[in-house]
2 protein chains.
Amino acid sequence: MENSVLQQSQALFVRRWGEMAASWGISRTMAEIHALLFVSLQPLCTDDLMEQLQVSRGNVSTNLRQLVTWGLIQRVHQRGDRKEYFVAETDVWEMFEIITRERRRREIEPIIETIDKCSEMILPTLTSADGPERDEIVLYQQRLDEMREFLNLVNSLFNLLIKVGKPRVAVLMKTLTNFGLATRE
Amino acid sequence: MENSVLQQSQALFVRRWGEMAASWGISRTMAEIHALLFVSLQPLCTDDLMEQLQVSRGNVSTNLRQLVTWGLIQRVHQRGDRKEYFVAETDVWEMFEIITRERRRREIEPIIETIDKCSEMILPTLTSADGPERDEIVLYQQRLDEMREFLNLVNSLFNLLIKVGKPRVAVLMKTLTNFGLATRE
DNA sequence: TAATATTTTCAGTACCTTCTGAAAGGATAG
DNA sequence: CTATCCTTTCAGAAGGTACTGAAAATATTA
């Protein structure tokens with residue numbers, strides 16, 4: 001089969017998507033598999049993915065399983081074919097929710113917990129220490145608080161975005177833009 | 001020098017910060033150096049960092065240079081000491097702006113450009129193709145558009161957040177929360 | 001100027017993640 | 001049941017990133 005313009009365009013998208021994911025700490029191949037399913041009209045099977053991405057069966061299998069666990073793709077069956085096929089979640093907004101929920105749980109929550117623990121640790125010393133040592137503790141406490149506050153903000157923003165959801169994003173953006181203009185000094 | 005509670009707490013924070021950064025595709029050591037400077041009252045020199053993080057001089061030197069390039073830390077000089085010392089940008093909001101600006105430039109812009117290019121590529125074929133092939137192209141175009149729209153939204157949100165800035169974030173959050181409540185079905 | 005202190009660079013090494021390929025496991029058809 | 005088709009697993013290999021340590025470069029002092 002010759003390479004159609006459509007295939008060339010899709011290959012370009014898939015490659016770039018993989019590169020972007022790699023720089024965000026996500027396996028390149030996993031992202032490429034997801035991208036390929038995302039742009040495909042028909043479900044794809046393991047052999048399709050192996051051929052198009054030139055990777056091994058084991059690699060495809062492992063990454064498919066992870067993508068299913070994330071909830072970013074689903075198994076589907078074709079009548080009269082034993083093979084398993086896969087389709088991607090194609091609602092970009094849903095994808096956003098899935099990814100941010102999981103990454104917040106894995107990477108934002110732990111750092112928030114750690115910050116709280118760090119604050120607790122130094123609490124008793126704040127009352128006992130004095131002089132330059134006390135200054136150091138107070139400053140450290142301040143910086144922890146600021147970081148904690150910022151992470152709270154990020155969390156709230158994501159929650160809000162997800163709650164607002166796709167249908168009302170346009171309205172939200174308008175509100176935000178107005179806000180930006182209205183409070184400009 | 002014995003390990004004070006303060007030092008233990010800071011070490012905990014530094015370690016966790018490094019782990020978090022690593023899962024976001026940022027070098028663990030670079031993040032640890034930044035975290036250590038962030039929680040320190042005094043500027044630190046290469047030897048301080050080498051000792052506390054147990055890494056080599058070359059490693060510290062390279063990562064310090066990168067952090068300076070990012071604008072996340074600055075060189076400072078101590079009277080009567082030849083050594084170079086470093087301090088971190090401690091305004092969390094400023095840090096956020098620096099990091100998001102750079103990462104958007106490196107990782108969001110390229111994928112947006114690629115999506116536009118992918119769209120352009122298939123534009124001519126849209127008029128010529130027909131039947132199932134045409135369906136496939138139309139669907140692909142739709143998915144590209146949705147993704148493009150989503151990335152635009154993300155960009156706008158970051159721009160707005162940065163423009164609003166630290167002092168007015170509280171007001172922004174209140175506005176957003178009201179919005180969330182007001183449009184809830 | 002030379003002597004000394006400090007930083008930077010980078011070739012080689014270590015480490016960690018991802019990938020391969022083949023064997024084992026599992027499902028379906030005959 | 002056996003044969004066939006397909007998927008999963010995982011030990012070892014490959015590849016890529018980060019690190020070390022020492023030599024070179026640079027800066028400071030005398």
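Near DNA chain C, meaning a heavy atom under 4.0 Å away, the residues from residues 43-71 of chain A are A/Gln54, A/Val55, A/Ser56, A/Gly58, A/Asn59, A/Asn63. For the contact set between residues 80-89 of chain A and DNA chain C, defined by any heavy atom under 4.0 Å, the members are A/Arg82. Contacts of residues 13-34 of chain A with DNA chain C (heavy atom under 4.0 Å): A/Ser27, A/Thr29.
B/Tyr140 is linked by a ring-ring contact (aromatic ring centres under 6.0 Å, His included) to nothing, counting only residues two or more places apart in sequence or in another chain.
Residues A/Ile108 and A/Arg103 have side chains not in contact (no heavy-atom distance under 4.5 Å, counting atoms from C-beta outward).
For B/Arg105 and B/Glu102, the salt-bridge test passes: some basic side-chain N is under 4.0 Å from an acidic carboxylate O. A salt bridge between B/Glu120 and B/Lys117 is absent, with no side-chain N of the basic residue lying under 4.0 Å from a carboxylate O of the acidic one.
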When you compare the protein's N or O atoms with those of nucleotides 12-15 of chain C, which come within less than 3.5 Å of each other, and at what distance?
none

Between side-chain atoms of residues 43-50 of chain B and protein atoms elsewhere (two or more places apart, or another chain), which donor-acceptor pairs fall under 3.5 Å?
unit_1: B/Asp47; atom_1: OD1; unit_2: B/Arg57; atom_2: NH2; d: 3.0
unit_1: B/Asp48; atom_1: OD2; unit_2: B/Cys45; atom_2: N; d: 2.9

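Within 6.0 Å of CD in A/Gln78 there are more than 12 heavy atoms belonging to other residues, nucleotides or ligands.
Partner of A/His77 under the side chain to side chain contact (heavy atoms under 4.5 Å, CB included) criterion, out of A/Lys83, A/Arg82, A/Glu84: A/Glu84 alone.
Between B/His34 and B/Trp17, the ring planes lie tilted relative to each other; the angle falls in the 30° to 60° range.
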